[in-house]
There are 2 protein chains.
Amino acid sequence: MTVATQRIAAHLRSAILGGHIAPGERVRQEDVAQELGASRLPVREALQMLAAEGMIEHEPNKGARVPWLSMREVDVMYKMREQLEPLALSESMPFLTPGDLLRLEEIQDEIEAGVEVEQFLALDREFHLRTYSACGIDHLTSTVTRLWNSTQYYRRAFMHISGPSRRWVVNAEHRLLMDALGRRDEIDAGRFLAGHIRRTRIELNRHPEVFGED
Amino acid sequence: MTVATQRIAAHLRSAILGGHIAPGERVRQEDVAQELGASRLPVREALQMLAAEGMIEHEPNKGARVPWLSMREVDVMYKMREQLEPLALSESMPFLTPGDLLRLEEIQDEIEAGVEVEQFLALDREFHLRTYSACGIDHLTSTVTRLWNSTQYYRRAFMHISGPSRRWVVNAEHRLLMDALGRRDEIDAGRFLAGHIRRTRIELNRHPEVFGED
DNA sequence: GCACCTCCTATTGGATCCAATCCAACCTAC
DNA sequence: GTAGGTTGGATTGGATCCAATAGGAGGTGC
């Protein structure tokens with residue numbers, strides 16, 4: 001199965017991450033199959049994968065749709081990130097190469113050059129996930145990636161309503177983190193990262209309108 | 001898809017958890033289909049789900065097999081549990097009913113009555129997962145469940161080689177945890193739980209033979 | 001006019017069939 | 001005797017077909 005299935009799953013993932021499929025929206029097998037020039041079978045398998053990843057939910061005989069998340073759900077998912085990402089970072093840090101750090105620098109430079117929301121989301125995501133990727137533990141990186149994937153929609157909504165000061169804070173925190181990484185200071189890096197996530201979570205809680213809960 | 005697929009996925013999960021399919025062992029679609037009286041199609045979808053859960057791995061054109069985990073992988077997965085389960089407990093605690101606590105008591109009584117390894121594994125698993133189930137956050141409970149599922153084989157091997165003193169320690173720690181839960185003492189409960197997991201992890205690291213790494 | 005029931009269509013779920021790939025055994029050439 | 005190529009069986013991957021279910025449109029009775 002895998003070759004076509006993986007391709008389709010990747011396509012659907014990026015369509016959801018890119019906001020082309022919004023929460024609540026239904027995903028019909030036939031549509032996806034035609035769009036990608038495949039039969040419904042590998043589409044069904046891809047949907048099964050995404051369901052296991054939490055990116056879509058599947059009701060018997062009613063099909064697949066992107067799930068809505070409540071504010072509490074997202075809040076707890078940020079708490080999970082706050083617990084897991086410092087661990088991922090400390091497991092990854094010993095294996096980060098100077099080349100990796102250089103790449104982080106490039107990404108951050110690009111962010112600070114001033115980009116639109118959509119590209120900011122992609123770059124911010126790449127920045128963080130890249131710092132974890134060297135850890136080599138699949139269960140860990142995939143769990144963290146899942147948390148990023150499932151909350152992307154709400155992160156986007158948040159970026160759209162928050163002003164430029166939000167960006168400045170993020171940039172400063174990224175620089176602090178990179179500095180600690182360069183010094184190989186595991187303690188500082190973990191502290192900055194946890195604080196970065198925690199502050200974002202608290203900020204999010206001030207905006208229930210992101211979740212349609214005002 | 002869902003009705004048959006879920007049934008088959010559940011069957012495969014319990015077969016792996018029960019040790020009837022060991023790491024490295026191949027899972028052929030046809031065999032499973034015949035055993036459960038279904039066609040290969042829902043089996044393929046179930047395998048796709050389990051692959052996304054990390055319980056099997058899938059190589060294109062070569063089929064599915066239960067993956068081996070290295071000692072480091074399991075070590076990091078225990079570190080993940082150490083971070084996540086106290087969170088799950090604190091999110092769940094406000095919603096735990098007296099009936100839930102009573103059920104925990106029953107499970108622990110049964111464990112202490114003296115059970116075989118296989119039943120101990122099942123009861124221990126139910127004990128802990130039940131303390132989290134009230135939190136109502138799917139992403140959290142399913143992540144924790146995944147970590148338990150994927151490490152079950154190694155937990156079994158460990159229980160087989162460790163003596164009865166190991167059981168006494170676990171029992172004492174469970175009682176401490178239950179006591180804290182009864183007092184609604186979130187701090188103590190989290191502390192006991194984290195320590196429980198951490199000590200188990202350290203103990204595991206003393207037995208590389210569990211992973212075929214001596 | 002409103003509620004309920006029936007039928008019809010759109011969509012998903014499952015089975016069978018055929019093609020592509022892999023792996024191992026065997027055969028040939030040197 | 002060994003290395004390398006070749007062929008055949010086993011298994012997975014993909015497409016098409018048919019069955020089952022959901023949900024809405026339309027009709028009928030009161």
Side-chain angles (χ1 to χ4, degrees), chain A residues 1-16 20-69 138 142 149-150, chain B residues 1-16 20-69 138 142 149-150:
Chain A
M1 50 184 100
T2 301
V3 54
T5 302
Q6 294 295 336
R7 223 179 61 83
I8 295 169
H11 174 90
L12 284 173
R13 258 188 229 104
S14 79
I16 295 174
H20 303 111
I21 309 176
E25 195 167 330
R26 189 158 167 204
V27 180
R28 281 198 305 280
Q29 301 174 359
E30 182 78 37
D31 294 354
V32 179
Q34 276 203 325
E35 190 180 339
L36 300 197
S39 85
R40 274 176 44 217
L41 199 145
V43 175
R44 286 163 62 175
E45 285 172 355
L47 288 175
Q48 207 60 259
M49 279 191 66
L50 296 198
E53 292 174 16
M55 289 190 72
I56 65 159
E57 57 187 2
H58 211 103
E59 264 186 294
N61 288 317
K62 295 183 65 175
R65 61 180 61 237
V66 178
W68 288 103
L69 296 183
D138 230 55
S142 71
N149 287 352
S150 292
Chain B
M1 50 184 101
T2 298
V3 54
T5 301
Q6 294 295 337
R7 224 180 60 83
I8 295 169
H11 174 90
L12 284 173
R13 258 188 230 104
S14 80
I16 296 174
H20 303 110
I21 308 176
E25 195 167 329
R26 193 162 165 200
V27 180
R28 281 198 306 281
Q29 301 174 358
E30 182 77 37
D31 294 355
V32 179
Q34 276 204 325
E35 191 180 340
L36 300 197
S39 86
R40 274 175 46 218
L41 200 145
V43 174
R44 284 162 64 176
E45 286 171 355
L47 289 174
Q48 206 61 259
M49 280 193 66
L50 296 198
E53 291 175 16
M55 289 190 72
I56 65 158
E57 57 188 2
H58 212 105
E59 262 186 296
N61 289 316
K62 295 183 62 176
R65 62 180 62 237
V66 178
W68 286 104
L69 296 182
D138 229 53
S142 72
N149 287 351
S150 293

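Chain letters run A, B, ... following the sequence lines, proteins first and then strands; every chain starts at 1. Heavy-atom basis, side chains included; hydrogens, waters and symmetry copies ignored.
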Separation of I8(B) CD1 from R40(B) CZ (nearest 0.5 Å): 12.5 Å
Rounded off to whole Å, could you give me the CD-to-C1' distance for the Q6(B) and dG14(C) pair? 15 Å
OP1 or OP2 of dT12(C) less than 4.0 angstrom from a side-chain nitrogen or oxygen of H58(A), does that happen here? no
Residue whose closest nucleotide on DNA chain D lies nearer the 5' end, R28(B) versus L41(A): R28(B)
Between E30(A) (CD) and dT16(D) (C1'), how many Å, whole number? 12 Å
Using a cut-off of 4.0 Å between protein heavy atoms and nucleotide atoms, how would you tag nucleotides 18-23 of chain D 5' to 3' with B, S and -? ---SSS
Check the distance between dT16(D)'s C1' and Q29(A)'s CD and give it to me in whole angstrom. 15 Å
Supply the atom-to-atom distance Q48(B) CD to T5(B) OG1, rounded to the nearest 0.5 angstrom. 11.0 Å
Is V43(B) touching bases, backbone alone, or none of the nucleic acid, heavy atoms closer than 4.0 Å? nothing
Record whether the side chain of R44(A) comes under 3.5 Å of the base of dG14(D) through a donor-acceptor pair of N or O atoms. no
Rounded to the nearest 0.5 Å, what separation is found between the CG atom of L41(B) and the CG atom of L41(A)? 5.0 Å
Got a sec, which pairs hit salt bridge (charged side-chain N to carboxylate O under 4.0 Å, His left out) with one end in residues 26-35 of chain A, sequence neighbours left out? R28(A)-D31(A)
Value in whole Å for how far the P atom of dG14(D) lies from CG of L47(B): 14 Å
Distance check needed: dA15(D) C1' versus L36(A) CG, whole Å only. 16 Å
Q29(B) side, atom CD; R44(B) side, atom CZ - distance, nearest 0.5 Å: 6.0 Å
Checking contacts here: which listed nucleotide (dA15(D), dG14(C), dT12(D)) is nearest the side-chain heavy atoms of A4(B)? dG14(C)
CG-CG distance between L12(A) and L36(A), expressed to the nearest 0.5 angstrom: 7.0 Å
d(CD, Q34(B); C1', dT16(C)) in whole Å: 14 Å
To the nearest 0.5 angstrom, please state how far the NE2 atom of H58(B) sits from the CE atom of M49(A). 10.0 Å
Please report, rounded to the nearest Å, how far the P atom of dC22(C) is from the CZ atom of R26(B). 12 Å
